[in-house]
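Notes follow once the structure below has been shown.
All values below come from the heavy atoms of this structure, side chains included, with hydrogens, waters and symmetry mates left out. Letters A, B, ... are given to chains in the order of the sequence lines, protein chains preceding strands, and every chain is numbered from 1.
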There are 2 protein chains.
Amino acid sequence: MAVVQRVQRKGTVAATAKRPKLTVLPFETIMQGDCIEQMKNLPDRSIDMIFADPPYNLQLGGDLHRPDGSQVDAVDDDWDKFDSLSTYDAFTKAWLREARRVLKDDGTIWVIGSYHNIFRVGAALQDEGFWILNDIVWRKANPMPNFKGTRFTNAHETMIWCSKSEKARYTFNYRTMKALNDDLQMRSDWSLPICSGGERLKDDDGHKAHPTQKPEALLYRVMLASTEPGDIVLDPFFGTGTTGAVARRLKRRWIGIEREDKYVKVARARIDSTLPLDESAMVLMPEKKAQPRVAFGLLVELGMIEPGTHVTDAKRRWKAEVKADGTLALLDGMGAGSIHKLGATVQGAPSCNGWNFWHYEEAGKLIEIDALRQRHLAKTGE
Amino acid sequence: MAVVQRVQRKGTVAATAKRPKLTVLPFETIMQGDCIEQMKNLPDRSIDMIFADPPYNLQLGGDLHRPDGSQVDAVDDDWDKFDSLSTYDAFTKAWLREARRVLKDDGTIWVIGSYHNIFRVGAALQDEGFWILNDIVWRKANPMPNFKGTRFTNAHETMIWCSKSEKARYTFNYRTMKALNDDLQMRSDWSLPICSGGERLKDDDGHKAHPTQKPEALLYRVMLASTEPGDIVLDPFFGTGTTGAVARRLKRRWIGIEREDKYVKVARARIDSTLPLDESAMVLMPEKKAQPRVAFGLLVELGMIEPGTHVTDAKRRWKAEVKADGTLALLDGMGAGSIHKLGATVQGAPSCNGWNFWHYEEAGKLIEIDALRQRHLAKTGE
DNA sequence: TAGGTAGGTGAATCTGCTA
DNA sequence: TTAGCAGATTCACCTACCT
């Protein structure tokens, strides 16, 4: 415990007191160096989304740096578990703290890991004040078998998706995700193949360039779900640059941080050869919430529905008349109000979307009054 | 932090100094009371496997309504409320410490939770010296949807399976698991339905007896995987006694601890009416394999078909473009939607199988997009 | 009896803009 | 800060009841 506190104090001092921040963000750039040190060069609240795939193999002692930049001794048998866990926790807290600082208040962070580290990361995220939105299971379609037959085949990894606070208004492209999943809500478990074949980057010897290269399909879904085109995406553990490649393809701006020279080189070449998607392919299913608001009264004013018209619900349980001011009044005189309020009242429901609840009759068929709104939106080109 | 230490000290002192342990284990018994206090009555190293379903600390907000206006029956019980994360952590550490004491050195522990609590539980398990063997994802075949469209559907829960130490010789029935999974290694993701229908216990009013009853199939697999007949299974959060019922069915011995009077009563009645499996039936029941459902959007994510590609029907009457979210948009701009929906729209049909309706062109020949799906299924072997 | 329709429900951190 | 209100939002599986 003493170790944790010492490390944290050091990190905090260094972050707040010393250096000037960059005033122009280094877009489409790999900042080479320690991720904590490099994040300190970025201004507060400047990033829309962070995707992080932190190291968790404690055997890679070189991957662990204290916030002050000093390297942690290699993990060896002299270390007891408590010591290595707390070192990892200190490392996690330190980079999460910087990540939180550079993230916009309405931004989100994704962190991926396996059972070796994800519980520590998740607890640290909560401790640092992040608000968990989902934990996402990446279910590997083709995992490595457990050769010894001693455990269950380790066939998934876990991502944690957080906003900066409970009340934050984060980006979630609900309709896009639903469209991507054959018109069913996207679930918290995603079945995707591991990164292999032509997508897997090789070094000159033909060996895989990076031990944990993530599939582009994973980042594709992450980015489509939680960012807009033009948003700024930061990956503090850039590796071979999957985040940058997908960001470029989907027309998001990106910043990568990577320490190892060889990964930086591989990532640069890879991203340079990635082409952005065509403009037309980027026109997605619109979020309904983003459409301009239309008042029912406007449609009455425009003569798209006449005052005096009778409307009813899908089962013809209630009938009402359209008034000149765009309100409805029940034919039995037992209630009146806006299309929404009256719909809620008659059903005894807390709320109601009047656009879909009320129908008018045309050629013997009931048509949602929402059809009028859609016709209006189409006509005005919005 | 002070809270944690006080609780731990208390627990430790009471456990080691004060009371005499039971010399004969209370098999097939529900010990009524607080789980930490009751575990203190059990001797050291006496339990083969612990299954624990602790409170999740959900922290729900106000009421939630379905789109049809009905209200969701939330988990609002007092036993799920904690003042803060640190209070929850102290509680977790305290019961885990007792659990560790009563567990045999070669025994294992399972803990189930959701993103609200599982990261804290996992970190605490590691802190207490447990060695994680697997994290298991229970993919719910029929989860509750996300009614407001604000996040991904929360469609899974996580179980953590641990031995007491890295070198422990725990039980894992590899071949049984493989047999249960059509002669393929059992993976770390399990698809099982939630507990509903006849299995779901009701109180006298016909309401669910317990808000979070787990399916027997889940415990069935847990117990088959990690215990032998005659082994001693402890469930410190017994609830309606799913663990006891399955233990009896599989001829394991069990001990339950439960605080609430009403749950104890329900569990007793339930287990009394559960019959042990016949010897011959201990050979396993096959489970139906879930049909792999492939969304067209997945193929776009995987790069099997590029956004911007043009598709058409077999007679080339309609042409559409593939968008980045896996939807199609007609080239004349007169319609858009999923492969199925757009196919239905252009034909004026009530429905349409888009997989067979839409084609892409390769070397001058039209190929059903279903060919891409078949290629994906063949590749991933699902 | 088979088949179809209607209604209920599940561990949920479940809205957002404007005045 | 809060009140008011427009309006967006569900999937799989169960039982009960009807024809």
Answer with base, sugar-phosphate or nothing: what part of the nucleic acid does Cys352(A) contact at a heavy-atom distance below 4.0 Å?
-> base
Between the side chains of His340(B) and Ser338(B), is a donor N or O closer than 3.5 angstrom to an acceptor N or O?
-> no
Taking only the side-chain nitrogens and oxygens of His340(A), find out if one of them lies under 4.0 Å from OP1 or OP2 of dG7(D).
-> yes
In whole Å, what is the span from the CG atom of Leu342(A) to the P atom of dA6(D)?
-> 12 Å
For Asp80(B) and for Lys148(B), find the nucleotide of DNA chain C with the closest heavy atom, then tell me which residue's nucleotide is more 5'.
-> Asp80(B)
Would one find a side-chain N or O of Asn353(A) under 4.0 angstrom from OP1 or OP2 of dA8(D)?
-> yes
Taking the six-membered ring of Trp190(A), is the NZ or CZ of Arg139(A) close enough (under 6.0 Å from the centre) and on axis enough (within 45°)?
-> no
Specify whether Tyr88(B) and Phe82(B) have parallel, tilted or perpendicular ring planes, treating 30° as the upper limit for parallel and 60° as the lower limit for perpendicular.
-> perpendicular
Determine the contact category for Thr212(B): base if any of its heavy atoms lies under 4.0 Å from a base atom, sugar-phosphate if only primed atoms, P, OP1 or OP2 are that close, otherwise nothing.
-> base
Can you tell me how far P in dG16(C) sits from the matching atom in dT10(D), rounded to whole Å?
-> 15 Å
Closest of dG10(C), dT9(D), dA6(D) to the Tyr174(A) side chain is dT9(D)
Looking at every strand, decide which applies to Glu166(A) at a 4.0 Å heavy-atom threshold: base, sugar-phosphate, or nothing.
-> nothing
When both distances are under 3.5 Å in a Watson-Crick or G-U wobble arrangement, the nucleotide paired with dT9(D) is none
Using Watson-Crick or G-U wobble geometry with both distances below 3.5 Å, tell me the partner of dC14(C), or none.
-> none
For Trp138(B), is the NZ or CZ atom of Lys140(B) found under 6.0 angstrom from the centre of its six-membered ring and inside 45 degrees of the ring axis?
-> yes
Looking only at side-chain atoms of Met144(B), point me to the closest of dA6(D), dT13(C), dG10(C).
-> dG10(C)
What nucleic acid atoms does Ala141(B) come within less than 4.0 Å of, heavy atoms only: base, sugar-phosphate, or nothing?
-> sugar-phosphate
Atom pair distance, as rounded to whole Å: CZ in Phe152(B) and C1' in dT13(C) = 16 Å
Considering only heavy side-chain atoms of Pro67(B), the closest of dT10(D), dA6(D), dA11(C) is dT10(D)
In whole angstrom, give the distance that lies between atom NZ of Lys202(B) and atom P of dG10(C).
-> 8 Å
P gap between dA8(D) and dT18(C), integer Å = 15 Å
What distance, rounded to whole Å, do you find between the two P atoms, one in dG7(D) and one in dA11(C)?
-> 34 Å
Between dT13(C) (P) and Asn154(B) (CG): distance, integer Å | 5 Å
Measure from the side-chain heavy atoms of Tyr115(B) and tell me the nearest of dA11(C), dA12(C), dT10(D).
-> dA12(C)
Assigned glycosidic conformation for dT13(C) [threshold 90° from 0] | syn
Counting only N and O atoms by type, is there a donor-acceptor contact under 3.5 Å from the side chain of Glu128(A) to the main-chain atoms of Ala124(A)?
-> no
How far, in whole Å, is dG10(C) from dC14(C) if one measures between their C1' atoms?
-> 15 Å
Pair Glu199(B) + Lys214(B), salt bridge at N-O below 4.0 Å | no
If we take the C1' atom in both dA12(C) and dT9(D), what is their distance in whole Å?
-> 14 Å
Under-4.0 Å side-chain N/O to phosphate OP1/OP2 contact, Ser338(A) with dA6(D) | yes
Out of dA12(C), dG10(C), dT9(D), which nucleotide sits closest to the side chain of Arg66(B)?
-> dG10(C)
So what does Leu184(A) hit on the nucleic acid, given a heavy-atom distance under 4.0 Å: a base, only sugar-phosphate, or nothing?
-> sugar-phosphate
Leu377(A) CG to dG7(D) C1', in whole Å, measures 14 Å
What nucleic acid atoms does Asn146(B) come within less than 4.0 Å of, heavy atoms only: base, sugar-phosphate, or nothing?
-> base
Give none if dC17(D) has no partner; otherwise give the nucleotide forming a Watson-Crick or G-U wobble pair with it, both distances under 3.5 Å.
-> dG4(C)
Is the shortest side-chain N/O distance from Tyr170(A) to OP1 or OP2 of dG16(C) below 4.0 Å?
-> no
What nucleic acid atoms does Ser351(A) come within less than 4.0 Å of, heavy atoms only: base, sugar-phosphate, or nothing?
-> base
Mind checking Pro54(B) for me? I need base, sugar-phosphate or nothing, with any heavy atom below 4.0 Å counting as a touch.
-> base
Find which nucleotide of DNA chain C each of Pro143(B) and Arg151(B) is nearest to by heavy atoms, and output the residue with the more 5' nucleotide.
-> Pro143(B)
Asp135(A) near the nucleic acid: base, sugar-phosphate alone, or nothing, with a heavy-atom cut-off under 4.0 Å?
-> nothing
Can you check whether any acceptor in the base of dA12(C) is under 3.5 Å from a donor in the side chain of Ser114(B), or vice versa?
-> no
What does Arg373(A) touch in the nucleic acid at a heavy-atom separation under 4.0 angstrom: a base, only the sugar-phosphate, or nothing?
-> sugar-phosphate
For Lys178(A), report the nucleic acid contact type (base, sugar-phosphate, nothing); a contact means any heavy atom under 4.0 Å.
-> sugar-phosphate
salt_bridge(Asp78(B), Lys81(B)) N-O dist < 4.0 Å | no
Is the base of dA6(D) touched by the side chain of Lys289(A) through a donor-acceptor pair closer than 3.5 angstrom?
-> no
With respect to the phosphate group of dC13(D), does any side-chain polar atom (N or O) of Arg200(B) fall under 4.0 Å of OP1 or OP2?
-> no
Of all the choices, dT13(C), dG7(D), dA11(C), which nucleotide is nearest to the side chain of Lys214(B) once you look at every atom?
-> dA11(C)
Between atom CD1 in Ile160(A) and atom C1' in dT13(C), what is the gap in whole Å?
-> 15 Å
Aromatic Phe130(A) / basic Arg100(A) pairing, under 6.0 angstrom, 45° off normal | yes
For Gly62(B), report the nucleic acid contact type (base, sugar-phosphate, nothing); a contact means any heavy atom under 4.0 Å.
-> base
Between dC17(C), dC14(C), dA8(D), which one does the side chain of Trp355(A) approach most closely?
-> dA8(D)
Criterion ring-ring contact (aromatic ring centres under 6.0 Å, His included) against Trp110(B), the qualifying member of Trp161(B), Phe237(B), Phe51(B) | Trp161(B)
Would you say dG7(C) has OP1 or OP2 under 4.0 Å from some side-chain N or O of Lys315(A)?
-> yes
Rounded to the nearest angstrom, tell me the gap between atom NZ in Lys341(A) and atom C1' in dA3(D).
-> 11 Å
Is there a stack between Phe147(B) and dC14(C), judged by ring centres under 5.5 Å and planes under 30°?
-> no
When rounded to whole Å, the CG to C1' distance for the pair Asn142(B) and dT9(C) reads 10 Å
Does Asn146(B) reach the main-chain N or O of Gly149(B) with its side chain, forming a donor-acceptor pair under 3.5 Å?
-> yes
Given dC14(C), dT10(D), dT13(C), the nucleotide with the shortest approach to the side chain of Asp68(B) = dT10(D)
